[in-house]
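The sequence lines fix the lettering, A, B, ..., with proteins before strands; numbering per chain opens at 1.
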Protein chains: 2
Amino acid sequence: MTTDHVFAALASPARRRLLRLLLDEGAQPAGRLAVRFDMSRPSVSEHLKVLKDAGLVAEARKGRERHYRLEAGPLMEISEWLTPYERFWRERLSALSSLLDEMDDLDPDDQRDARGPDGSDDLNGRNGEQPHV
Amino acid sequence: MTTDHVFAALASPARRRLLRLLLDEGAQPAGRLAVRFDMSRPSVSEHLKVLKDAGLVAEARKGRERHYRLEAGPLMEISEWLTPYERFWRERLSALSSLLDEMDDLDPDDQRDARGPDGSDDLNGRNGEQPHV
DNA sequence: TTGATATGTAGGAAATTTCCTACATATAGT
DNA sequence: ACTATATGTAGGAAATTTCCTACATATCAA
């Protein structure tokens, strides 16, 4: 149930789809989930096991069925991991949108070069020095 | 550069650490990144390639060095994928916090059972019917 | 030009993942 | 007790991933 497990579990499209099904349709027995997949039932069962080990689903025995339900908690770890990058992509987005705004202000047929005066790349996207260790 | 590639790229702890280094310290040549790892330089180079194929880093040749910089854009896809689950874990969290609030209101030595009257599980955590197909 | 530096790629071993076909187990129904 | 249903597990094949040691390529510095 570590962060590693969660990231690894999400690496599989089949497993992400399982989570989505549980989110959209609520808890379900393994078999009902399995028939949706173009894959053998035991394989789906193993994917469920990976999700369970990552803490992303929980099972409850109901008679001879086992109902799996979504356990979204561990996804918070992904969200938290993502947080520090958010600022970064927002900067890029706002840079892009202001660039588009500028272009709107010009004659639509008279744009040629939106780069800086020196034509350089600004590798860091912030035009400043970096630690470099 | 599909969503699949992005999720797969993040599945490796080494690659997540590479992204973090680029975020914290800015763009750097491959070699400077590699020495931080307990792994051969060519292996780190291959991880960088996986990240590049996922669109998570970009490279710029500077003389005999290649500087890699973070490209956070594709992480938005992860964030968007996560969105519908957010509501779900927030509900659980607020349920937990209100439970804790209730417990605060009681005599700290007189709590025994916080389950529903029927002792059932409420598998969906919302006490309601579900589509079930 | 020569030699050192910075990197990517080739080729392959080892580990892991993915998926399948039996097969074992447990529960429902008759 | 017997049979059908719902699932997990065992064992193994095939594909993928991870990592390493050469080795090839390009650039910088004398």
Quick one: side chain to side chain donor-acceptor pair (under 3.5 Å) partners of [X], sequence neighbours excluded?
| X | answer |
| --- | --- |
| B/Thr2 | none |
| A/Glu65 | none |
| A/Arg64 | none |

Rounded to whole Å, how long is the line connecting atom [atom1] of [X] with atom [atom2] of [N]?
| X | N | atom1 | atom2 | result |
| --- | --- | --- | --- | --- |
| B/His67 | D/dA26 | NE2 | P | 20 Å |
| B/Arg16 | D/dT18 | CZ | P | 11 Å |
| A/Asp38 | C/dT18 | CG | C1' | 14 Å |
| B/Phe37 | D/dT18 | CZ | P | 13 Å |
| B/Leu51 | D/dT18 | CG | P | 11 Å |
| A/Leu33 | D/dT7 | CG | P | 9 Å |

Show me the donor-acceptor pairs within less than 3.5 Å that the side chains of residues 37-49 of chain A make with the rest of the protein, sequence neighbours left out.
unit_1  : atom_1 : unit_2  : atom_2 : d
A/Ser40 : OG     : A/Ser43 : N      : 3.3
A/Ser40 : OG     : A/Ser43 : OG     : 3.0
A/His47 : ND1    : A/Arg15 : NH1    : 3.1

Spell out, as yes or no, whether a donor-acceptor pair under 3.5 Å connects the side chain of B/Arg36 to the backbone of B/Leu21.
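Side chain of B/Arg36 to backbone of B/Leu21, a donor-acceptor pair under 3.5 Å: no, none is there.
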Going by number, which of residues 6-15 of chain A have a non-hydrogen atom under 4.0 Å from DNA chain D?
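Heavy-atom contacts with DNA chain D come from no residue of residues 6-15 of chain A; none.
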Would you say a side-chain N or O of B/Ser43 is under 4.0 Å from OP1 or OP2 of D/dC20?
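Yes, within the criterion.
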Do the side-chain N or O atoms of B/Ser40 get closer than 4.0 angstrom to the phosphate oxygens (OP1, OP2) of D/dC20?
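So the side-chain polar atoms of B/Ser40 do come within 4.0 Å of the phosphate oxygens OP1 or OP2 of D/dC20, strictly under.
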Nucleotide-resolved protein contact map, nucleotides 24-30 of chain C, B/S/- at heavy-atom distance under 4.0 Å
---BS--
Distances under 3.5 Å between nitrogen or oxygen atoms of protein and nucleotides 8-11 of chain C:
unit_1 : atom_1 : unit_2  : atom_2 : d
C/dG8  : OP1    : B/Tyr68 : OH     : 2.3
C/dG8  : OP2    : B/Ser45 : OG     : 2.7
C/dG8  : N7     : B/Arg41 : NH1    : 3.2
C/dG8  : O6     : B/Arg41 : NH2    : 3.0

Going through the checks in order, is the salt bridge (charged side-chain N to carboxylate O under 4.0 Å, His left out) test met by A/Glu25 and A/Arg20?
CA-CA 8 Å; A/Glu25 307 175 0; A/Arg20 185 71 83 196; over 6 Å; no
Residues which pass salt bridge (charged side-chain N to carboxylate O under 4.0 Å, His left out) with A/Glu102, listed by chain and number, not counting sequence neighbours:
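Here no residue qualifies.
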Mind checking salt bridge (charged side-chain N to carboxylate O under 4.0 Å, His left out) for A/Asp4 and listing every partner two or more places apart, or none if nothing turns up?
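If we apply the salt bridge (charged side-chain N to carboxylate O under 4.0 Å, His left out) test to A/Asp4, skipping adjacent residues, the hits are B/Arg16.
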Identify, between A/Gly31 and B/His47, the residue whose nearest nucleotide on DNA chain D lies closer to the 5' end.
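Comparing both residues, the 5'-ward one is A/Gly31.
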For residues 2-21 of chain B, pull every pair meeting ring pair (Phe, Tyr, Trp, His ring centres under 6.0 Å), keeping only residues two or more places apart or in separate chains.
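Ring pair (Phe, Tyr, Trp, His ring centres under 6.0 Å) check on residues 2-21 of chain B returns B/Phe7-B/Trp81.
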Taking the side chain as every heavy atom from C-beta outward, state whether A/Leu33 and A/Leu22 have any pair of such atoms under 4.5 Å apart.
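Yes - at least one pair of side-chain heavy atoms lies under 4.5 Å apart.
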Among B/Lys52, B/Glu59, B/Arg32, find the one that has a side chain to side chain donor-acceptor pair (under 3.5 Å) with B/Tyr68.
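One option only clears the test, and that one is B/Glu59.
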